[in-house]
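Given the structure is predicted, the values throughout are model-derived calculations rather than measurements.
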Amino acid sequence: RKDGSTFPVEVSSRALDLDGQPRVTSFVRDISERRKNEREIRRMTQLYAALSQVNQAIVWSSSREALFAKICEVMVEFGKFDMAWIGLDDPWVNQVRVAASYGDTHAYLDRIRVESGPTAFGAGPVGRAIREAVPCVVNDFLHAPGTGPWHVAALESGFQAVAAFPIRREGRVIGALCVYSKELGFFGEPEEALLVEAAMDISFALDHLALDDQRRSTEIALLESERQLKEAQEAGGIGTYTWFIQEDCWKGSPFLDQIFGVGPDHPRNLAGWVQVVAPDFRDRMASYVAGIIERHEPFDLDYPILRVSDGKRRWVHGRGEIHRDAGDRPVAMVGIIQDITERKLAEQALRKISVALEQSPLSIVITDPKGAIEYVNPTFTRISGYSAQEVIGQNPRLLKSPATPPGHYRTLWETLDRSDVWVGEFENLKKGGEPFLERAIIAPVRDEQGELTGYIAIKEDITQARKDEAERRSLEAQLQQSQKLESLGALAGGVAHDMNNVLGAILGLASTLRETAEPQAPQVKSLDTIMNACMRGRGVVKSLLYFARKDLQEERPIDLNELVREMAQLLSHTTLQRIQLRMELAEGIGRLRGDPGALSHALMNLCVN
């Protein structure tokens, strides 16, 4: 052209005969517009081919990573872009990371940093497309504002035009598809429209993959749930069932068949179900089922069964909900059956233990590891006067008596800390402050792992036993003293009889000599002294016989003054020398009837004491 610019032309020439003279005629046609249309057609063909390949990638890609890699490859190989990449946004740090790329021969992506936030690194096409959720096309990438962070890398890679298109998942922008061209002004409206469609297809594919992932996850979770349910049913001894009431048939899980011990040929109707129930419970079962259906109540019952396979009696717990139709007619019962035989046996054993504890004549206290009371039996409340409500949560020290030395409790806890059993006695106080004695056995309680769970004390009230023992010892002491006195009395009785014989012989001989002697004879006075001494000796012997209970009691007239004088003579020889006896006797008091031996014995005891 005149201005020096070039334009394409098409030249055609042909020979002409004008007036017999050969001529050559040339035709020149400006084909700039046609060439432009051809280029656009070629570009559109390439883009359609790329879009078709994108759809193929969407159909055949099994994962998001494979899809992204294939799309980037298609954009370069079929769309004839110089480079393509897909970036995903990390919303926590606003950083865009490369998920897939193709055609990056100059390591452009390794040298740039892209962000999705309103920063210098987020001012490029990718950051804006993600942040603003709209396509971003830059046909003069090297001179566009905000391209400073990438200018050197883009210049070295030869990129002139860039376009970024937001990618969505479930309607939310998660990243962008970005394509590069080394041709200035490369992206027009047709290119942009086709790339928007490609980005939409990618978004659709992501949703589809997410649904597939969710479906696969759901299927995996369902299979896992079924496996766990099966294992849980087996571990918990639980089977499931559905009884169709109108059709009179029921279906159960495989583990329910194990619980009932039935095979595939067992009748699956109400009669077949009742056949499994223990005979002694069948009438009650029929009445119970009819009652809950009438009362619109759920099935919830423990009942015994007889396993069909081995005839063993087992206990099961059944639960079920009755479903009804629009006319309120029962149509089905859906529920579970759990084998609770071991639990029933444990409950029975526990019930026996509980009854034994409640009826035990011994006081029983159970505490936690810190000593707080958790249980007391009725014997404890009867003995201590405290009710169970008053002591639960309290420490047993509320019974402590000041009479029990502190060292006693210290020894107790040292024993328990060694995991030994403590056996001993101590004094406690009842609720009213009355002391009582207890003999106790206290032991630590541990679980299967050996961890301390508490303490148990088994105690016996020995207050009355101690009183009885003290009384027994007193009676034994009295018996021993009585036996000693009896022995002493027997000895005294023997001595008294012998002395009586001796004194009788002396008195008889002295009396004979006194009667034959002359009144004025010198020996008369001596004989009178001997006879008086013998009489006094007989009195002493009589006292010994009374002491020994060897003589019968007698009653006769008594001269008290004479009796006192005789006892004084005896006492003067038996008391200590420092003891002096002085008598003040009233004369003429007369006589009284009584046992002189008993009176002498009483006076003797009084004076000896």
Any non-hydrogen side-chain atom of R314 less than 4.5 Å from a side-chain atom of I340?
no
Given salt bridge (charged side-chain N to carboxylate O under 4.0 Å, His left out), test D461 with R382 step by step and report yes or no.
CA-CA 11 Å; D461 184 359; R382 176 177 55 80; over 6 Å; no
Correct closest heavy-atom pair for P279 and L306 would be CD-CD1, 3.4 Å
Heavy-atom count around I392 CD1 within 6.0 Å, excluding the residue itself: above 12?
yes
Using side-chain contact (heavy atoms from CB on, under 4.5 Å) as the criterion, point out the one residue from N428, I383, V391 that pairs with L399.
N428
How about M531 and S511: do any of their side-chain heavy atoms sit closer than 4.5 Å?
yes
Using a strict 4.0 Å threshold on nitrogen-to-oxygen distance, state whether D302 and K344 make a salt bridge.
yes
Spacing of NZ belonging to K352 relative to CG belonging to L357, to within rounding of 0.5 Å
14.5 Å
With the side chain counted from C-beta on, respond yes when F380 and K459 share a heavy-atom pair under 4.5 Å apart, and no when they do not.
yes
So, T341 side chain and W315 main chain: donor-acceptor pair closer than 3.5 Å or not?
yes
Please step through salt bridge (charged side-chain N to carboxylate O under 4.0 Å, His left out) for the pair E347 and R343, ending with a clear verdict.
CA-CA 6 Å; E347 288 176 355; R343 191 187 80 188; 3.3 Å; yes
Between atom CZ of F426 and atom CZ of R439, what is the distance when rounded to the nearest 0.5 Å?
11.5 Å
Under 4.0 Å between a side-chain nitrogen and a carboxylate oxygen: does that hold for E584 and R582?
yes
Close side-chain approach of H296 and D328, heavy atoms under 4.5 Å
yes
Atom pair OG (S360) and CD (E460), whose distance is rounded to the nearest 0.5 Å:
10.0 Å
Heavy atoms only: give me the nearest I337-G318 pair and the separation to one decimal.
CD1-CA, 3.7 Å
Among V423, I458, L412, which one satisfies side-chain contact (heavy atoms from CB on, under 4.5 Å) with I442?
L412
Before you tell me yes or no, could you show the steps for R324 and I293 under side chain to side chain contact (heavy atoms under 4.5 Å, CB included), namely the whole-Å CA-CA distance, both residues' side-chain angles and the distance that decides it to 0.1 Å?
CA-CA 10 Å; R324 298 176 179 271; I293 291 177; 4.2 Å; yes
Quick one: OH on Y455 to NZ on K370, what's the gap to the nearest 0.5 Å?
12.0 Å
Any salt bridge between R473 and D468, counting N to O under 4.0 Å?
no
Step-by-step salt bridge (charged side-chain N to carboxylate O under 4.0 Å, His left out) determination, R565 to E587:
CA-CA 13 Å; R565 291 189 184 97; E587 299 297 334; 2.9 Å; yes
Got a sec: does the CD of E247 have more than 12 other heavy atoms crowding it under 6.0 Å?
yes
Counting distance only, does the side-chain N/O of W250 pair as donor-acceptor with the main-chain N or O of N269 below 3.5 Å?
yes
Shortest non-hydrogen contact from G385 to E390?
O-OE1, 4.2 Å
Under the criterion side chain to side chain contact (heavy atoms under 4.5 Å, CB included), I'd like the reasoning laid out for I366 against I373: C-alpha separation, chi angles, the key distance, then a yes or no.
CA-CA 6 Å; I366 299 176; I373 296 176; over 6 Å; no
Side-chain contact, heavy-atom cut-off 4.5 Å: R556 with D595?
no
Do Q246 side-chain atoms and P330 backbone N/O form a donor-acceptor pair below 3.5 Å?
yes
Lys/Arg-Asp/Glu bridge criterion (N-O < 4.0 Å) met for R466, E427:
no
Ion pair D339/R307, N-O distance below 4.0 Å
no
For residues I259 and V316, report the shortest heavy-atom separation together with the two atoms involved.
CG2-CG1, 3.9 Å
OG (S309) and CZ (F260) are apart, to the nearest 0.5 Å, by 12.0 Å
Closest approach of A443 to V421 (non-hydrogen atoms, all atoms of both residues)
CB-CG2, 3.8 Å
Find out whether the Lys NZ or Arg CZ of K400 is both under 6.0 angstrom from the six-membered ring centre of Y409 and within 45° of the ring's axis.
yes
Where do L301 and R319 land on the side chain to side chain contact (heavy atoms under 4.5 Å, CB included) test, with the steps shown first?
CA-CA 7 Å; L301 183 67; R319 290 184 61 87; over 6 Å; no
Can you name the salt bridge (charged side-chain N to carboxylate O under 4.0 Å, His left out) partners of E476, sequence neighbours left out?
R472
Just by modelled atom types, is the I558 backbone N or O under 3.5 Å from a matching donor or acceptor in the R593 side chain?
no
Any luck finding a side-chain donor-acceptor pair between D257 and H266 under 3.5 Å?
no
Which atom names give the shortest non-hydrogen contact between R268 and G263, and what distance separates them?
NH2-O, 3.0 Å
Going by the angle between their ring planes, with limits at 30° and 60°, are Y241 and W273 parallel, tilted or perpendicular?
perpendicular
Assess the residue pair Y386 and L398 against the criterion (side chain to side chain contact (heavy atoms under 4.5 Å, CB included)); give the C-alpha distance rounded to whole Å, side-chain angles, the decisive distance to 0.1 Å, and a yes or no.
CA-CA 10 Å; Y386 289 99; L398 86 162; 3.9 Å; yes
Does either side chain, that of T411 or that of E414, offer a donor lying less than 3.5 Å from an acceptor on the other one?
no
Has the side chain of Q359 got a donor or acceptor atom that lies under 3.5 Å from a matching backbone atom of A356?
no
Compute whether any side-chain donor of one residue and acceptor of the other, for R446 and S419, lie under 3.5 angstrom apart.
yes
Is the side chain of N377 donor-acceptor paired with the backbone N or O of I364 at a distance under 3.5 Å, no angle test?
yes
Please say whether more than 12 non-hydrogen atoms of neighbouring residues, nucleotides or ligands are located less than 6.0 Å from CG in D283.
no
Rounded to the nearest 0.5 Å, how far does CD of E469 lie from CD of Q464?
12.0 Å
Test your reading of the model: is there a side-chain donor-acceptor pair from T240 to the backbone of I336, 3.5 Å cut-off?
no
Distance-only, no hydrogens or angles: does the N561 side chain make a donor-acceptor pair with backbone N or O of A586 under 3.5 Å?
yes
I'd like to know whether the aromatic ring centres of Y288 and F299 sit less than 6.0 Å apart in this structure.
yes
N/O donor-acceptor pair under 3.5 Å between S287 side chain and R284 backbone:
no
With a 4.0 Å cut-off on N to O distance, would you call D420 and R418 a salt bridge?
yes
Using a 4.5 Å cut-off on heavy atoms from C-beta on, say whether the side chain of T415 contacts that of W413.
no
Hey, does T379 have a side-chain heavy atom less than 4.5 Å from the side chain of L362?
no
Pairwise side-chain contact, I292 with P298, heavy-atom cut-off 4.5 Å (strictly under):
no
